[in-house]
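Each remark here refers to the structure printed beneath this line.
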Amino acid sequence: MPLDRTSAFYEENAETYAKRVRSLPKQLDAFLAGLAPGAAILELGCGGGQDSAYMLSQGFDVTPTDGSTELARKAEALIGRPVRVMRFQELDADSAFDGVWAHASLLHVPRSELPDVFARIRRALRTGGIIHATFKAGEAEGHDGFGRYYNYPSGDGLSALLTKGGWRNITIEENDGGGYDGEPTRWITVMAHR
């Protein structure tokens with residue numbers, strides 16, 4: 001997470017954020033269906049750990065990570081395994097995962113750093129591996145009412161970025177929904193293969 005206010009929000013609000021009522025993302029089962037049973041999954045930005053807990057319950061080998069020490073502790077308590085405290089820019093794995101689940105997390109990466117972060121993710125995936133990522137749509141970088149930074153990309157911009165980065169089978173969908181801030185949100189969902 002690029003800005004101190006974003007990091008501070010998650011550190012200071014970890015208890016509330018981790019325990020908020022949320023349903024599992026509707027795309028999660030579709031993501032898992034594209035992977036072999038027991039596949040290795042890296043979760044970037046696991047938050048309170050709900051998605052990792054579900055993937056583990058389905059028999060997948062999940063490596064959860066989060067940029068917030070406090071959220072990582074909350075996730076560890078839920079899933080009963082270590083959560084690596086790591087920023088996206090620190091990802092250094094090579095051909096280690098079959099899938100990367102980055103639901104509502106990469107949206108905090110500064111636009112200028114997105115090409116490098118996507119390259120790191122691509123390198124961390126095995127050939128044919130899948131990424132799932134969601135972003136809040138927009139035209140320019142900005143902050144929400146809590147002071148959290150968002151890159152607010154467009155679907156076309158993400159498609160061009162992924163294509164240039166060598167990703168294949170790129171699928172981009174947009175849907176209306178909401179977020180933690182309670183504001184109406186246009187969500188972009190990205191799926192792509194290494």
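Below, all heavy atoms of this structure are taken into account, side chains as well, without hydrogens, waters or symmetry copies. Bear in mind the structure is a predicted one, so any value in this text is a computation, not a measurement.
- Within the 3.5 Å criterion, the main-chain N or O of His103 finds no donor-acceptor partner in the side chain of Thr134.
- The structure places CZ of Arg84 at 9.5 Å from OG1 of Thr63, a figure rounded to the nearest 0.5 Å.
- Judged purely by atom type and a 3.5 angstrom limit, Asn151 uses its side chain to pair as donor or acceptor with the backbone of Val109.
- For the ring pair (Phe, Tyr, Trp, His ring centres under 6.0 Å) criterion with His108, the lone passing option out of Phe88, Phe146, Tyr10, Phe9 is Tyr10.
- Ionic pairing of Arg123 and Asp94 is not present here: no N-O contact between side-chain nitrogen and carboxylate oxygen is shorter than 4.0 angstrom.
- For the atom pair CG (Leu107) and CH2 (Trp187), the distance works out to 5.5 Å, reported to the nearest 0.5 Å.
- Remark: side-chain polar atoms of Glu11 are paired, donor with acceptor, to backbone N or O of Thr69 under 3.5 angstrom.
- A distance of 9.0 Å separates CD in Glu43 from CD1 in Ile41, rounded to the nearest 0.5 Å.
- Considering only residues two or more places apart in sequence or on other chains, Asp29 meets the side-chain hydrogen bond (donor to acceptor under 3.5 Å, both in side chains) condition with Tyr54.
- Between the side chains of Glu141 and Tyr149, at least one donor N or O sits under 3.5 Å from an acceptor N or O.
- Glu90 contributes a side-chain N or O that, together with a main-chain N or O of Arg87, makes up a donor-acceptor pair within less than 3.5 Å.
- Summarising the geometry, atom CG belonging to Asp98 is positioned 9.5 Å from atom CZ belonging to Phe60; distances are rounded to the nearest 0.5 Å.
- Taking hydrophobic clusters as Ile, Leu, Val, Met, Phe, Trp and Tyr residues chained together by side-chain heavy-atom distances below 4.5 Å, Leu106 shares a cluster with Leu42.
- Between Glu70 and Arg73 there is a salt bridge, since at least one side-chain N of the basic residue sits less than 4.0 Å from a carboxylate O of the acidic one.
- Using a 4.5 Å heavy-atom threshold, the side chains of Ile121 and Leu44 count as touching.
- In this structure a side-chain-to-backbone donor-acceptor pair under 3.5 Å is present from Arg111 to Tyr152.
- A distance-only check finds no donor-acceptor pair linking the side chain of Asp51 to the backbone of Ala102 [under 3.5 Å].
- Of the possible donor and acceptor atoms, none in the side chain of Arg148 sits under 3.5 Å from a partner among the backbone N and O of Arg5.
- Taking CD of Glu173 as the reference point, atom CD of Gln27 lies at 7.5 Å (rounded to 0.5 Å).
- No donor-acceptor distance shorter than 3.5 angstrom exists from the side chain of Asp61 to the backbone of Gly38, with no hydrogens or angles considered.
- The CG atom of Asp144 sits 9.0 Å away from atom CD of Glu183, with the distance rounded to the nearest 0.5 Å.
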Test side chain to side chain contact (heavy atoms under 4.5 Å, CB included) applied to Leu125 and Trp167, step by step: CA-CA 11 Å; Leu125 284 167; Trp167 293 87; 3.7 Å; yes
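- Within the 4.5 Å cutoff, the side chain of Ser95 has heavy atoms near those of the Arg194 side chain.
- Applying side chain to side chain contact (heavy atoms under 4.5 Å, CB included) to Phe135 and the options Thr189, Leu158, Ile172 leaves one that passes, Leu158.
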